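Numbering of ligands and ligand atoms starts at 1, following listing order. Not measured: the values here are computed from a predicted model.
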Amino acid sequence: MPHDLPKAYDPTAIEDHWAGYWVREKLFSQPTPKDGGPESRPSFDILLPPPNVTGNLHMGHMFEHTESDILMRWHRMRGERVLWIPGTDHAGIATQMLVERQVVSEGSTRQQMGRDAFIKRVWEWREHYGGTILSQMKRLGASVDWDREYFTMDERLSVAVREAFVKLYEQGLIYRGAYIVNWCPRCQTAISDLEVVYDEHKGHLWEIRYRVIDDGGKDTGEFLTVATTRPETMLGDVAVAIHPEDERYTHLHGKKLRLPLVDREIPIITDEWVSREFGTGAVKVTPAHDPNDFALGQRHNLPSINVMDDTAHINEQGGKYAGLDRFVARKEVVADLEAQGLLAGIKDHVNNIGHCDRCKTIVEPRLSLQWFVKIQPLADKAIAAVKEGHIKFTPEMYAKTYLNWMENIHDWCISRQLWWGHRIPAWHCSACHKTTVSREDAAKCAHCGSDKIEQSTDVLDTWFSSGLLPVSVFGWPKITAVNRADFDAFYPTNLLVTGFDILFFWVARMIMMGCWFSLDVPMKDGSPRSLADSVPFREVYIHALVRDANREKMSKTKGNVIDPIEIVKQYGTDAVRFTLASMASPGTDIAFNVARTEGYRAFANKIWNAARFMFMNVDRAAEAGITIDAAALGSMPTAESSAPLESRWIVAEFHATAEKVNQALANYRFDDAANAIYQFFWGSFCDWYLEIVKLSLDFSDGADKARTKSALITLVSVFEASLRLLSPFMPFLTEEIWHAVYDGKPPAKSIALTHFPQAAKAQVGIAAVEQMGLVQNLIVEVRALRKEIGVEEKASVPIELRIDENLKPIISENSAIVERLARVTEVRFVNKISSGLAKHATSQFEAAVVYERKIDVAAECEKLSKEIAKQEKNVANADRQLGNEGFLAKAPAHIVEGLKKQREEAQHLLDKLRGDRGALGC
Ligand SMILES: [Zn+2]
Ligand SMILES: [Zn+2]
């Protein structure tokens with residue numbers, strides 16, 4: 001087995017090579033299982049939460065992918081049929097905004113280009129730049145099936161989107177209606193509640209006086225004052241509401257008001273929703289621009305007057321203000337009211353203002369015609385799926401968060417006024433004004449047969465298509481008896497690894513849509529699908545956030561963003577992965593610290609050097625005629641009961657570590673798993689075992705060849721198995737060294753396709769661990785003693801050991817280990833440690849180092865004489881002062897006390913020094 005690893009560990013060279021190899025060789029592809037084949041292997045499959053096609057890999061992705069990849073590699077090495085499906089999301093708003101900006105920078109607009117040309121342009125953009133994040137994943141070695149890569153706008157996925165829409169429509173679960181939506185005037189589209197971010201603003205509360213008029217429309221001279229934070233919306237007022245029991249206004253019940261500036265007569269209505277405490281207790285009602293007012297308008301059968309256009313400029317309903325931007329209109333409205341004496345006051349007021357999550361523009365609540373999913377029957381199933389335990393959340397608390405949201409869910413507005421996305425398959429007829437919804441592109445109105453129909457210009461919310469992914473990636477809706485192998489093998493998926501931020505956006509929608517649509521697909525044996533088998537995944541693992549070293553959220557504005565690609569260039573992917581894994585415990589955010597990555601880079605180095613040491617010995621052994629059969633490798637290392645202690649011990653430690661790692665990964669404790677491997681590899685294997693095994697690696701002529709060979713087999717087999725244990729965490733380094741172990745003739749194409757170590761009870765070997773523990777303790781104590789009494793680093797010394805008779809053989813049989821690792825010439829077993837020796841005691845033994853420091857007597861005498869002279873002077877000085885009557889009369893008592901004490905101490909020291917001088921015979 002000649003093996004040449006370069007002297008220095010250089011992750012860049014290794015990683016580029018293997019990343020390319022894994023993709024080229026399609027090592028992680030999972031083809032459709034053969035129909036009818038006896039596929040008894042359990043499956044383990046997950047979907048990659050599709051990153052936006054516009055995205056670049058950030059630390060959050062790298063963390064998510066690291067956790068997922070560790071799990072996938074672990075399951076794969078456990079012999080399961082593993083499938084991890086990658087893809088990207090077309091990201092409606094984000095992508096459209098990005099391409100739109102490019103178009104504008106070229107002096108054009110999307111409106112000038114027209115819809116078709118603009119969409120073509122987006123596709124071109126995607127062709128050139130849309131693959132960035134997936135290439136980054138390839139470089140970082142994510143073990144996904146690249147043959148199954150999808151894009152949410154792909155033809156086959158678009159078919160599923162259309163089917164889902166039409167089906168829900170046919171089931172009466174999709175409707176079109178005028179509702180107040182969150183409107184982004186910049187993006188010019190409705191956005192969902194989830195896409196609105198709120199923050200506090202210091203604003204004002206304007207109090208406006210509305211004239212009360214009599215039945216004939218004449219001024220009564222009385223005013224009713226209303227309070228509002230958005231005075232410009234008064235242009236759309238249709239009523240003023242007061243609480244029915246508000247005694248201030250009882251006399252106004254049934255009366256009318258004259259709306260200032262607009263001069264419209266509007267009624268005073270009473271409604272219990274009105275708060276008597278807020279403002280003046282009278283609120284203007286603007287159904288087209290406020291969700292609460294909209295509800296109020298519905299209850300009281302009031303009209304809705306929309307006063308703004310798509311860009312939040314006042315429209316023709318706003319009279320003289322038409323054409324003004326909403327905030328300009330606000331100023332003018334307030335100025336005009338003031339000029340007319342109708343502004344009763346302006347108060348400071350803090351309110352929560354909603355912003356578009358994408359472009360940060362202030363959202364305008366606005367009445368518009370939109371498409372909605374009637375959520376209730378879908379939500380019911382999605383609630384039952386979690387309540388009945390068909391989907392398990394880790395950490396558990398997220399199940400509660402999910403249920404709480406789901407139980408208070410509103411109908412889902414799914415239409416977006418964008419061009420980039422799945423266009424809604426609905427055609428409006430200008431002849432009969434009815435709507436045709438169809439799976440095929442419609443040419444004629446389904447109601448009157450007219451060909452004067454036009455497809456809706458709206459597209460679907462991006463999450464409508466991503467919510468369908470768990471069913472659509474496996475072929476739904478086109479699942480037939482002959483092409484259902486994927487669906488049967490992989491649906492439901494086993495796990496979803498994702499972040500909290502998309503729990504509602506995506507996780508909840510997948511559960512609703514998965515539970516709803518997969519019910520169409522009977523089980524393989526033809527029986528109906530139960531709720532338990534209709535869920536899109538059986539488990540959800542919500543990972544934490546990656547923050548900076550100071551636990552601050554990373555953000556571009558703060559400038560504390562860590563680019564994973566940069567950090568990987570510096571330390572290697574393996575070290576960064578290991579850092580993330582070692583800090584990943586469920587529910588705890590990661591404070592990413594480069595110092596830890598440096599530490600794990602050193603760990604990788606340590607393994608590299610251990611490999612080089614091992615290969616050097618394997619090569620020396622070969623020269624001495626000792627070779628190892630590759631068949632001895634690849635399984636779990638074992639040790640005979642007659643084997644030397646260090647062999648039995650390292651094998652036992654390895655089995656115990658393997659057990660810990662398997663257990664930890666089953667519980668998503670990536671941190672425990674990583675730390676167990678680290679402790680084993682660095683501590684047990686490198687620091688202890690490698691040092692001990694050197695004793696047995698004797699290739700000289702007279703050496704015991706059988707012993708050398710046995711030691712070498714244990715060394716190589718434990719090392720090889722350790723590489724497999726580490727492989728999911730550090731896939732590149734382990735791949736490189738593993739191929740070297742087999743010297744280019746590996747038993748598989750990749751270490752990722754071998755078996756993950758599974759502990760065997762018989763090999764856990766508690767006795768060996770206890771015995772080795774005793775030996776290690778002794779070595780640790782002797783090392784400490786040596787340091788304490790100043791034994792020179794390289795000197796070897798005898799020790800005295802008092803130990804129970806029954807433990808004695810463990811030390812005597814392994815005295816060579818103690819001698820080598822603690823630089824001991826001889827272990828002297830005694831019944832009592834000789835007096836005068838410094839000793840350390842543990843519950844099992846007492847040990848002392850026998851050592852006399854050789855000293856230069858003349859030099860020591862001189863040192864003592866100097867010190868004695870110094871102390872004599874101190875004593876004399878003190879005596880002089882204490883004999884001075886004048887000093888004693890003036891000095892405070894505590895000074896005199898202190899001086900007496902100093903004298904006493906100096907005298908004490910002096911006596912000791914004189915004794916030492918006497919002992920040396922100076
Ligand atoms: Zn926006
Ligand atoms: Zn028609």
Side-chain angles (χ1 to χ4, degrees), residues 52-55 89-105 109-111 118 122 166 169-170 175-176 179-199 201 230 289 291 308-313 325-327 352-370 413-421 424-464 501-502 505 555-557:
N52 284 353
V53 67
T54 51
D89 193 291
H90 66 280
I93 296 185
T95 312
Q96 178 160 325
M97 263 177 70
L98 194 145
V99 178
E100 222 177 324
R101 249 187 251 135
Q102 283 187 348
V103 169
V104 168
S105 75
T109 65
R110 90 180 140 97
Q111 286 82 1
F118 180 77
V122 181
V166 175
Y169 183 81
E170 287 170 351
Y175 64 92
R176 194 171 186 229
Y179 278 87
I180 289 281
V181 293
N182 306 297
W183 184 268
C184 174
R186 218 284 337 160
C187 300
Q188 292 183 34
T189 179
I191 55 179
S192 81
D193 292 346
L194 291 168
E195 289 160 326
V196 181
V197 282
Y198 288 92
D199 49 28
H201 275 253
R230 292 190 298 154
H289 293 281
M308 286 186 211
D309 65 12
D310 291 356
T311 61
H313 285 67
D325 171 80
R326 52 184 165 164
F327 298 117
N352 266 331
I353 294 190
H355 296 258
C356 170
D357 195 18
R358 286 276 155 218
C359 72
K360 311 305 170 207
T361 304
I362 294 179
V363 164
E364 191 66 38
R366 180 171 178 266
L367 189 70
S368 68
L369 209 51
Q370 301 287 346
C413 173
I414 49 169
S415 44
R416 295 290 181 273
Q417 288 65 48
L418 299 173
W419 286 354
W420 176 240
I424 290 182
W427 285 260
H428 306 300
C429 173
S430 54
C432 72
H433 300 292
K434 285 184 177 160
T435 301
T436 302
V437 168
S438 167
R439 286 176 179 80
E440 306 301 327
D441 282 0
K444 283 194 166 131
C445 172
H447 308 281
C448 73
S450 164
D451 60 359
K452 290 199 171 53
I453 58 168
E454 222 172 302
Q455 186 171 6
S456 165
T457 53
D458 291 354
V459 299
L460 285 163
D461 180 5
T462 304
W463 300 101
F464 189 88
D501 53 337
I502 52 174
F505 276 121
S555 83
K556 278 189 190 144
T557 36

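With respect to the salt-bridge test (charged N to carboxylate O, under 4.0 angstrom), the residues E364 and R186 do not qualify. A salt bridge links R416 with D461; the closest basic N to acidic carboxylate O contact falls under 4.0 Å.
In summary, H447 places no N/O/S atom under 2.8 Å from the Zn ion (ligand 2), failing the contact criterion. For H433, every N, O or S atom stays at 2.8 Å or more from the Zn ion (ligand 2).
H90 and W420 have perpendicular rings, their planes meeting at more than 60° on a 0 to 90° scale where under 30° would count as parallel.
Between H201 and H355, the gap from one ring centroid to the other is short of 6.0 Å.
Side-chain contact of D458 with Q417: a donor-acceptor pair under 3.5 Å is present, judged by distance alone.
Draw a line from the Zn ion (ligand 1) to SG of C356 and another to SG of C359, and the angle between them is 110° (to 10°). Rounded to 10°, the angle formed at the Zn ion (ligand 2) by C448 SG and C445 SG is 110°. In this structure, SG of C432 and SG of C429 enclose an angle of 110° at the Zn ion (ligand 2), rounded to 10°.
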